Amino acid sequence: MKGFFQMLSKKKELIPLIGFMAFAAMGATSAAIYFLFTKPDVILNKSSNPEPWERVDPSKPQKLLTINQQWKPVKELEHVRNLTK
């Protein structure tokens, strides 16, 4: 750790690069945690729920940003779903 700070004191041009990389790593980690705990289609253990898409609410948007989404059920798919249950 001491060598790392000595390198930064000698090569100050690396400080912004390390800052941007730390910011990107924090953003990726926070996005992964957000999607893991808030989205029903993201699972860790597939053996406990082999069909996670059955719990997804179609009226609730699943993307991070959704613009003008309108969901209408497809009659044929609903008929097939009712036959397979």
Side-chain angles (χ1 to χ4, degrees):
M1 194 69 153
K2 184 178 177 184
F4 177 73
F5 289 117
Q6 286 177 349
M7 181 191 65
L8 280 182
S9 66
K10 290 179 184 176
K11 297 183 180 184
K12 295 193 186 304
E13 63 271 8
L14 291 178
I15 294 173
L17 177 66
I18 292 171
F20 285 125
M21 293 301 291
F23 182 74
M26 282 183 6
T29 304
S30 63
I33 291 171
Y34 169 76
F35 289 129
L36 183 63
F37 288 114
T38 60
K39 302 297 181 183
D41 56 340
V42 178
I43 58 170
L44 291 177
N45 186 6
K46 191 170 177 154
S47 62
S48 66
N49 187 8
E51 297 176 347
W53 53 87
E54 292 292 332
R55 296 185 316 173
V56 176
D57 183 14
S59 62
K60 182 180 174 188
Q62 298 300 317
K63 298 179 182 177
L64 188 61
L65 176 66
T66 305
I67 300 172
N68 296 332
Q69 177 183 0
Q70 294 179 352
W71 183 81
K72 296 177 185 172
V74 179
K75 292 178 186 177
E76 292 83 9
L77 291 176
E78 293 296 321
H79 180 67
V80 170
R81 176 184 274 177
N82 290 334
L83 289 176
T84 57
K85 285 188 177 180

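In this text the structure is predicted, and so the values were computed from the model without any measurement.
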Next on the checklist: Working to the nearest 0.5 angstrom, can you tell me the gap between Leu17 CG and Lys11 NZ?
Outcome noted: 12.0 Å

Item to check | Reported CG-to-CD distance for the pair Leu83 and Glu78, which is rounded to 0.5 angstrom | outcome: 11.5 Å

I'd like to know if [Y] and [X] are part of one continuous hydrophobic network [Ile/Leu/Val/Met/Phe/Trp/Tyr, side-chain heavy atoms within less than 4.5 Å].
{"X": "Phe4", "Y": "Leu14", "answer": "yes"}
{"X": "Met7", "Y": "Met21", "answer": "yes"}
{"X": "Phe5", "Y": "Ile18", "answer": "yes"}

Item to check | Sidechain-backbone polar pair: Ser30 side chain, Gly27 backbone, donor-acceptor under 3.5 Å | outcome: yes

